Each structure stands twice: as C-alpha cells, then as structure tokens.
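Before any comments, here is the structure.
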Amino acid sequence: MGVFFTLSTSAAIVLLILPGDLCVDIIGGHEVAPHSRPFMAMLRGEDFCGGALIKPSWVLTAAHCTLEGGSVTLGAHSRTKREKEKQVIKIAKEIRYPGYVRGEKEHDIMLLKLSKRAKINNAVQDIPLPTSGDDVKPGTTCRVAGWGRTTNRNEKLSDTLREVNVTVISRKTCNDKKHYKNSITNNMICAGSKGRKKGSCNVSIFIGIIHIDYIKNTT
C-alpha cells in the first residue's frame, strides 16, 4: 500500500495508490463493494468525520474534528443501516499532533485511542503504515474514500461508502493559482482533477502530510 495521508476534511480519508480541505465531498466517484475498504472508520461526535484504523486500538483522522466523548464505527458500508459487520467503539482519548493550530491547514492529523481493541476480521482490518515519509510525486494517483456529498449541489451525505481517484499536482502549479497563491507549504500536497466534476471538492484539495515518526512513537 502506498504512503498514507489524512485529508483536511470531515468525512473522507485519502490513500496514495502505488499498486489514496475543507470539504466532505466525493464528487464524481463510485460506490465501493461493501466492506472492501476494511480500514475505513466512521466517526461521530460533535462532528461527523472519517478516519482509518491503523492499529486495533487506534484510529487516524483529522485534528480539526471534534469527537471527544463520541464513537468510532468500524466495518461499515452504510452510514444509517444496521449491518452485522459493524463494531461501535467509544473514543477514549484524542491526541492531536503537537504542531497543529486550530484553524490552520498544516499538521491537521489526530490519533484516537479506542476504549477497547477492535475485533479484526474480514470487514475490519488495520491499514499498514508507511516505512518512510518520502514526498509524493506529482502525477501520483490517489484514492479519496468516505461518506461525503456526491455532487456540488447536493448537501446530503452519501449513505454508502464511496471513493474517487484524484491526482497529485505540483506545489508550484498550485501556488501559481490565484485561489492558493503561495499557500501550499512543503508540509502539504495538492491533489484534484483536471476538470471540476470529480474530487473531494470542486477545486484542488489541501492535504496535510502525516508525520510518520510521531504516529509510530505514539502507537
């Protein structure tokens, strides 16, 4: 599996595919086969967010999500329906990256410690962490997955897990655009599609790079 990233988003996670902001959309994507992304986590608290199981007792998500006292649902395909595969576990602790500043886009990562270990099975599995923090090259295909909106005009969240492919764009290209003028730092990547009909937004996506050493030391 490739390098793993969190989106600055509420209901999506991105994974780099080398064999995957400020919105919760899965524009122009498709529904995945039920339980084919067994690492995906649905998070409910003050916010509704997405995350990924990285260890049986740990979930990775975005630091801007407010989830204290909430719960993690693993093994979900539907957001609302009962499914025998679902495991609902209380969140015991939020651990935000020390460099995160609320309202900023950098270092937007957080670990959630679960109140008990997840039961690993076909529908619930952790995702392997990368062994290095190498930069992601422009042109790399990424997969965005989540329960976000499916169109720019539709405010309703998807009931089923969906995903869409986006492509990493060079920081220089993004920073030359008026909308992002010099706002993409070396701690971010920019990704999206050439058109505006797919992606997790109708513009390029801000994605915060995970600090691998921090995660490994904490877990």
Side-chain angles (χ1 to χ4, degrees), residues 1-44 47-55 58-65 67 72-81 83 85-87 108-112 118 120 122-130 136 140-152 154 156-168 189-193 197-210 215:
M1 188 70 63
V3 181
F4 179 67
F5 290 82
T6 56
L7 284 172
S8 298
T9 182
S10 296
I13 209 78
V14 76
L15 302 168
L16 286 227
I17 309 171
L18 300 176
D21 108 350
L22 304 175
C23 61
V24 297
D25 310 345
I26 308 295
I27 308 297
H30 62 275
E31 181 178 348
V32 303
H35 316 297
S36 61
R37 307 292 181 262
F39 47 82
M40 287 296 297
M42 188 162 49
L43 316 175
R44 297 179 187 274
D47 295 324
F48 175 76
C49 298
L53 187 71
I54 59 171
K55 296 287 184 182
W58 294 91
V59 166
L60 185 64
T61 188
H64 71 263
C65 291
L67 300 163
V72 172
T73 301
L74 303 168
H77 180 65
S78 169
R79 188 170 51 85
T80 61
K81 296 176 182 176
E83 296 171 312
E85 294 87 355
K86 284 183 178 178
Q87 299 179 37
D108 190 9
I109 59 173
M110 176 169 65
L111 288 169
L112 301 176
I120 303 300
N122 288 338
V124 176
Q125 297 176 23
D126 54 9
I127 185 169
L129 289 173
V136 185
T140 302
T141 300
C142 304
R143 181 190 304 158
V144 183
W147 292 268
R149 298 185 304 175
T150 57
T151 69
N152 288 325
N154 182 10
K156 187 178 180 180
L157 298 178
S158 172
D159 183 63
T160 54
L161 183 62
R162 299 175 66 86
E163 70 180 19
V164 65
N165 287 350
V166 293
T167 303
V168 174
I189 64 172
C190 185
S193 60
K197 294 184 179 180
K198 67 177 184 178
S200 75
C201 301
N202 58 4
V203 292
S204 299
I205 310 162
F206 284 154
I207 306 177
I209 296 179
I210 286 178
I215 294 171

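Keep in mind that the numbers below use all heavy atoms, side chains included, and drop hydrogens, waters and symmetry copies. In this text, all values refer to a predicted model and were calculated from it rather than measured experimentally.
Minimum interatomic distance between L67 and D47 (heavy atoms only, all atoms of both residues): CD2-O, 3.5 Å. Residues L74 and A118 come closest through the heavy atom pair CD1-CB, 3.4 Å. Across every non-hydrogen atom of A41 and A52, the tightest pair is CB-N, 4.3 Å. For the pair A63 and M110, the tightest heavy-atom approach, listed with the atom from each and the gap, is CA-CB, 3.6 Å. Of all heavy-atom pairs between M40 and A145, the closest is CE-O, 3.7 Å. The two residues R79 and S158 have their closest heavy-atom pair at NE-O, 3.0 Å.
Between T61 and C49, some side-chain heavy-atom pair lies under the 4.5 Å cut-off. Looking at Q87 and T73, their side chains never come closer than 4.5 Å, going by heavy atoms from C-beta outward. Side-chain atoms of S78 and E83, non-hydrogen and from C-beta on, do get closer than 4.5 Å to each other. At a threshold of 4.5 Å between non-hydrogen side-chain atoms, the residues I127 and L53 do not count as touching. You'll find the side chain of L112 reaches within 4.5 Å of the side chain of L43, heavy atoms only.
Here T160 contributes atom OG1 and K81 contributes atom NZ; the two are 8.5 Å apart, rounded to the nearest 0.5 Å. Rounding to the nearest 0.5 Å gives a distance of 12.0 Å between CZ of F39 and CG of L60. Rounded to the nearest 0.5 Å, atoms CD (E163) and OG (S36) are 7.0 Å apart. How far CE of M42 is from CG of L161: 9.0 Å, rounded to the nearest 0.5 Å.
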Derivation of the side chain to side chain donor-acceptor pair (under 3.5 Å) call for E31 and H77: CA-CA 9 Å; E31 181 178 348; H77 180 65; 2.7 Å; yes

Side chain to side chain contact (heavy atoms under 4.5 Å, CB included) evaluation trace for R162 with W147: CA-CA 6 Å; R162 299 175 66 86; W147 292 268; over 6 Å; no

Worked check of side chain to side chain contact (heavy atoms under 4.5 Å, CB included) between Q125 and H35: CA-CA 10 Å; Q125 297 176 23; H35 316 297; over 6 Å; no

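A donor-acceptor pair under 3.5 Å links the side-chain atoms of D108 to the main chain of H64, judged by distance alone. Judged by distance alone, with hydrogens and angles left aside, the side-chain atoms of D159 form a donor-acceptor pair with the main-chain N or O of T80 at under 3.5 Å.
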